[in-house]
Structure formats: C-alpha cells, structure tokens
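One structure below.
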Amino acid sequence: MPAQDPRRAPPLFPRSILAGPTLDAARALLGARLVRAPDDSGGTRRVGRIVEVEAYIGEEDRASHARMGPTARNGVMFGPPGAAYVYLVYGMHHCLNVVTEHAPRPAAVLIRAVEPLEGADAMRAARDAASGRARPAPAAGEARGTASAMIPAPARRYVADARLAAGPGLVAAAFSVDRSHTGIDLCDPASPLRLEAAPAGERTWAVEATPRIGIGYAGEPWASVPWRLIVTGSPALSGRRR
DNA sequence: GCAAAGATTTGCT
DNA sequence: GCAAATCTTTGCC
C-alpha cells in the first residue's frame, strides 16, 4: 500500500456532519481527532482520539444548558455548527462541546473522553497547570517576570497516558481549554483547537449507547435517553477504573 | 439582592 | 463510599 503523502493537508472534520442531526454527529465524532496546536501552554502538538461523547439536543432537552432559552452563557449553542462551547462546572472544571445543527436550533456534543495519541507530556503539564499544582514562582523583589521559574509539582498518583483525558473536565485540562475558547471554529484548520477526521482506512470500532452522566435533575425521559456514546473497550473512558 | 445547585474530580475513611 | 473544593448561573424574594 502506498505511503501517504506527508505534505497532504490533514483530513478536516466535515462541518456538514455537524450540521446534521446531533446523534449522527455524535456518532461520527467517535474516532475523530481533537487537535491542539502548539502554543505557550504546551510546546508540542497535542492530539487525542475521541472515545466518549454526549448529545444535548434542543431547548426541549431538560438536561441541556439550552433548556431556559438563549442566555449569555449558552448563546453559542444557538449559533452555527462547528463552534466550541466551553463552560465551567462546579466552579472548577471546564467542559468542551461541539455545536451542532443549524441556527437557531440549540444543540451540542460534549467531548467526555479522548485517548492521547500525541503530546502526552504536554497534557500532563497542562493538567498540573489547570489544577494549580505547578504554580509560577513568587516574584523576587524587582526581578519580576521570570515566567519560566515554576515550583515543581508535588508528587501525585501515577496516571497512565490512556487516563490523561478520561473525563470531560480532564479533556479540557489536558488540552488547555477554557471559556475563552467559546465561539472558535473547530472546523477551521487555523484554529488553535480543532477537529480532524480519523485517517482513512482506520478500522471501525464498536459503539455503545448509555444514559448521560450526572443529569438526574432533568427527569424523565431525559435522564434515561441513551445519548452517551462510547467506543467499546477503550481504556480512556471516563469513570473510575476497577 | 441572596441562596442554591451544578453536563466533575480527587482524596480520605 | 463519601464529601470537599470552588464560583458561575439561575431562581426566587
């Protein structure tokens, strides 16, 4: 089989899929790549394979942030597909969503877990930064601004590469995503954070559907609809391991 | 203007 | 297995 031309542009994730029904988009996002371009927060490119997502569909979905209509927080959900929607939960964790369907219908897919493929070290550093474990050294008198001086992170429990982004808050932390990313176009190859399609020929994977996590307040049927989709058997799925 | 809960993660009991 | 950490957004007075 011929080697792929390395100069070829990365396979973009098609916006047309995100513009379609949200459950179809969610299914298609499994296996796709979440890509973080190199920047100040991490010197290397970070890439992860999406293995767990949840769909939030329409104003009628009582588990969705769109349930109370457009607000300052959720406004981007009512906009065009492909935009990032990032919010803060529990006052400390960020969650990354991909906006789906056509404006003004509000819908999005929450990226709950990815399998690291590139840049695991940068992901570890970003997690430490997000959790405040590695802090900038205190300014010493007039010699301020030595941004490279960092207090080493205290010892912490070992985390396997596959578990670095095994949860929605961890995905955002590992990829240095926060609310400032809300509204950026995830289908634009120039965006610092973007989606890419899985390489052609990558083998297919089994998918399972389960109820969504942590939305019991929504009541039925919303609490039970199987709108959480996972790649069967992935070591990077959210939740505590046995 | 204030009180309550949240699309989570972690560490300790 | 349970509770703390932490702050924005929403709901009600």
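Protein chains get the first letters and strands the later ones, always in sequence-line order, with residue 1 at the start of each.
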Taking atom P of B:dA7 as reference, at what distance in whole Å does atom CG of A:Leu110 sit? 10 Å

From the list C:dA5, C:dG1, B:dA7, which nucleotide is the closest neighbour of the side chain of A:Arg240? C:dG1

Is a side-chain donor or acceptor of A:Arg46 paired with a backbone partner of A:Ala120 at a separation under 3.5 angstrom? no

Between C:dG1 and B:dA7, how far is it from one P atom to the other, in whole Å? 23 Å

Do the side chains of A:Arg33 and A:Glu115 get close enough for a salt bridge, i.e. N-O under 4.0 angstrom? no

Candidates B:dA7, B:dT10, C:dT6 - which lies nearest the side chain of A:Tyr87: B:dA7

Tell me the interatomic distance from A:Tyr56, atom OH, to B:dG6, atom P, rounded to whole angstroms. 13 Å

When rounded to whole Å, the CZ to C1' distance for the pair A:Arg62 and B:dA7 reads 15 Å

Using whole Å, report how far NE2 of A:His94 lies from P of B:dA7. 15 Å

Would you please indicate if the ring centroids of A:His65 and A:Tyr56 are separated by under 6.0 Å? no

Nucleotide of C:dA5, C:dT9, B:dT8 approaching A:Arg179 most closely (side-chain heavy atoms): C:dT9

Considering Watson-Crick and G-U wobble pairs with both distances under 3.5 Å, what does C:dA5 pair with? B:dT8

Rounded to whole Å, CE of A:Met92 lies from C1' of B:dT9 at a distance of 8 Å

Quiz item: A:Tyr90 side-chain donor-acceptor pair to B:dA5 base, under 3.5 Å: no

Classify the side-chain pair A:Glu118/A:Thr44 by whether it contains a donor and acceptor separated by less than 3.5 Å. no

A:Asp185 and A:Arg194 ion-paired at < 4.0 Å: no

Rounded to whole angstroms, how far apart are CG on A:Asn97 and P on B:dT8? 11 Å

Apply the hydrophobic cluster definition, ILVMFWY joined by side-chain contacts under 4.5 Å directly or through others, and give me every member besides A:Trp227. A:Leu23, A:Ile57, A:Trp222, A:Val225

What integer distance in Å separates A:Tyr217:OH from C:dT9:P? 15 Å

Here the distance between atom P of B:dT8 and atom CG of A:Leu237, to the nearest Å, is 15 Å

Could you work out the separation of B:dA5 and C:dA3 based on their P atoms and round it to a whole Å? 15 Å

Can you tell whether the side chains of A:Arg212 and A:Asp61 come within less than 4.0 Å, N to carboxylate O? yes

If you only use heavy atoms from C-beta on, which nucleotide in B:dT10, B:dG6, B:dT8 is closest to the side chain of A:Arg127? B:dT10

Might you list the N or O atoms of the protein lying below 3.5 Å from N or O atoms in nucleotides 10-12 of chain C, with each pair's distance?
| unit_1 | atom_1 | unit_2 | atom_2 | d |
| --- | --- | --- | --- | --- |
| C:dT10 | OP1 | A:Thr71 | OG1 | 3.1 |

Presence of A:Arg228 side-chain N/O under 4.0 Å of B:dA7 phosphate oxygens OP1/OP2: no

